[in-house]
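Note that the structure is a prediction, hence the values are computed from the model and not measured. Reminder, nothing fancy here: chain letters follow the sequence lines and each chain counts from 1. No hydrogens, no waters, no symmetry mates; every other heavy atom, side chains included, goes into these values.
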Amino acid sequence: VERVVSDLARIRFDRDEKILTATIAGEIDISNTSELRRSIDEQLADAMTVILDLSATTFVDSTGIALLLDMARRLRTTRRTLYLVIPADAPIRRIAMLTGLNQEVTVLQKLSDAAAPHETPEPI
Amino acid sequence: MIYGEGEWLGGDVGEAGVDRPLTAWVQTRRFWMQVSVVALTYYIAGEIGLRLSLVGHSVTPLWPPTGVAIVALLALGSRTWPAVTIAAVAINVPLGPTVPAALLIAVGNTIAPLTAVALLKAVQFRIDLARVRDAAALVLLGALAAMAISATVGTLALLWSGAISGHHFAGAWSVWWTGDAMGVLIVAPFLWSLAHDPEHQTRHPFWEVIAASGALFVVCGIAMDADLPLWFVIVPVLGVIAWRFGQRGAARADLVVSVVATIVAARELGVFEGMSLVGRMITLQSFNATVVFTSLLLAAAVSQRADIAAVQRDAVETLQRSLLPERLCEVPGLELAARYIPANDQVELGGDWYDVISLRDGRYGVVIGDVAGHGILAAAIMGKIRTALRAFASDGSSPGTALERLNSLLSDLQEGATATVWYGQYEPSSHLLVFTNAGHVPPLVVDAQGAQYLEDVHGPPVGALDRTHFSESCCVLEPGTTLFLYTDGLVERRKRGLDDGLARLRASIPSSEVGPQQTCDAVVRALTAGSSDDDIAVLALRVGVDRRDLHIVRRATAASVPETRHLVKAWLADNGVDGSEAFDVLLATTEACGNVVTHAYGLIPGLMEVTGSLTPSHVHIVVADDGLWRSESMAQDGGRGLSIMRSFMDHVEIVRTPRTEIRMERRVSGARRE
């Protein structure tokens, strides 16, 4: 399933049993965070593991960070797990670290790391 | 002290009192000078009239003083009547028959022109005789009706004094009447023709004046001198003079012809030879009357038609001028040029137009369009569309919305009008061009890489469908880029297709190093070879290489935030700032804008303003708003935004003056600017 979020971003969902992978390409800011939240919520259903691949995300502002933190909290209360994929050279990596996102959510270097995330926790 | 003041006041009043009689005296003197001049002229005209008399000093077929009197009374006012009376007395008393009779004749000579003037004024007579009704009024009221008075009074005076007997009354009356009437018809238009009137003066080549005068004298000679009655040869010559030279020429020719005919008749020469007195009288008067009526009416008809044609031409020119902008508005950082080329055989108007509109938020609207069809209807619709689009654009409508509103306006008007329109909004600070194309031929963008068409078309021509949605495209016009807009007349030729025209346009457009003025001229020359079957409008704009500081004003809504960020990004890139430095500035700017959007205003968002400037080592960004910031919530989730700004910029300062400004600064390595 693919969604366009306010011309700024494009989000693609891939489902493998109970693992939902959402790949977000483009920019996340105050203008499209609520739409983004709705699109993801629609797809959550019974997914036990949610992976947000932000490798192709070129911009994220504080509302986007707030969205990710909130989502991590909500999934945790229902005993589900959220992983973020943010490569080391991604432009948004610095803001993710500065806002403490990596302390709340497991951040992976690349999507393939999610295959065995528990064995290779992201060392940030 | 008080006494002194009173005396001073008294003196003042006294001076004013002296002043009034002085003016009155000047006026009185001027009046009597006018009266003297008029009286003298009247007297001289009378002497000339007597020289034209057929028998001795009595029967005069042409009495010029009546024309002088009417001209003077119309020009100087009826109050100058004493001039007429005095001069008439001076002329008639020596002629007799008795002094009382001469005085009575003078009274009749005064009342007649006064009546004529009153009648002419009542019908709003104009002395330029430019309308048929003026010529008719002069003949019927000024001459025939009013001069019956002087004829009647004069003939009764002769009868009363015993100069004529009762059975001569009718003959004497008719001679008197026709003489006075001809005086009015021949002399008054001639005198008016001498008055300088630059408005109605058309220049004629010297040879034409000479040829006309020569022809007139030749036919006069033929008509008068021949043994055969060839009167009629004069008519076509007078006709041509009236047609070419108007009332002024006609009046002078009439005078010449009538005076020549009268002299010839008085001397019993040429065609008048051997005629009886009555025969000469009737022939001469009929001839003069025919000549004068014909040429007066013809000249009036010609000038009336010419006036109508001139009014139409003026209207067309005025309309065309008013429909296109006289001068394009100045856009900072843009060079602009436009041309409008009417079609070859164009007496009629076209429906092509262009426009540059200054918008409220520092952007500029650029428009080119073409109303389907030609002629005054297309032009009028174009005028409406141009005005409506200006109004919609000034409202702050985006290009797509503006064209949607224009489309529904045209649908509502139900005139079946359609127009192709290309409307773009250009922001000088960012060079961003947002545009919508409603069925118009594609504009050409010329930059260092060459010429490319902006091929996006977002819908059919406006007015074609009742409800149409127009989307928008955007592009950034880099400094030095030329945008060339035109109408289809430039690229469509009868025997060639549109593709061929577009290819030829792309081939002929100069590089963007050539300025807009020369670009317009070069393209028009190359594609039209000086003539076109269709009207053509072209508009060229070039983005100046010299960049201004960044200045963006947007409504403080979430939707404005990404757009603002993209503009800042383009501005930074233009100035050599990119990579992570640019990202940091963009992130901080986005946070600052986000705070304004979330916290500055209540339910109704106000404006936010982003300004940017560069020094060799730093980027400065100021995000300002006029909001109240009621909740001090910047410290809550806004606090995260603020801490991001502080982390990513070297210096962040919040100033409340009372507008709130977030001033930020970051060191950069790549800034190209001084």
Open item on the list: Under a 3.5 Å distance rule, please check whether A/Asn32 uses its side chain to pair with a backbone N or O of A/Glu35 as donor and acceptor.
Closed with: no
Task: Pair B/Thr468-B/Glu404, side chain to side chain donor-acceptor pair (under 3.5 Å): steps then yes or no - done: CA-CA 6 Å; B/Thr468 308; B/Glu404 278 163 24; over 6 Å; no
Open item on the list: Side chains of A/Gln109 and A/Arg93, heavy atoms from C-beta outward: is any pair under 4.5 Å?
Closed with: yes
TODO: Under 4.5 Å, heavy atom to heavy atom: which of residues 40-49 of chain A reach chain B? Give them by number, or say none.
DONE: none
Open item on the list: Quick one, B/Asp395 with B/Ser397, criterion side chain to side chain donor-acceptor pair (under 3.5 Å). Give me CA distance, side-chain angles, the key distance, then yes/no.
Closed with: CA-CA 6 Å; B/Asp395 259 12; B/Ser397 293; 5.1 Å; no
Open item on the list: Do B/Tyr364 and B/Leu359 make a side-chain contact, defined as non-hydrogen atoms from C-beta onward lying under 4.5 Å apart?
Closed with: no
Task: Proximity breakdown for B/Leu587 and chain A, heavy-atom pairs closer than 4.5 Å - done: both
Task: Chi angles and distances behind the side chain to side chain donor-acceptor pair (under 3.5 Å) call for B/Glu478, B/Thr481 - done: CA-CA 6 Å; B/Glu478 298 295 340; B/Thr481 306; over 6 Å; no
TODO: Please collect all salt bridge (charged side-chain N to carboxylate O under 4.0 Å, His left out) contacts where either partner lies in residues 80-91 of chain A, sequence neighbours excluded, each pair once.
DONE: none
Open item on the list: Taking the ring centre of each residue, are B/His458 and B/Phe435 less than 6.0 Å apart?
Closed with: yes
- [ ] Keeping to residues at least two apart or across chains, list the ring-ring contact (aromatic ring centres under 6.0 Å, His included) pairs with something in residues 26-66 of chain A.
- [x] A/Phe59-B/Phe583
Task: Residue-level contacts of residues 19-30 of chain A with chain B, using a heavy-atom cutoff under 4.5 Å - done: A/Glu27, A/Asp29, A/Ile30
TODO: Side chain from CB out, backbone as N, CA, C, O: work out which of these in A/Thr58 comes under 4.5 Å of a heavy atom of chain B, or both, or neither.
DONE: backbone
TODO: Using a 4.5 Å cut-off on heavy atoms from C-beta on, say whether the side chain of B/Ile644 contacts that of A/Leu98.
DONE: no
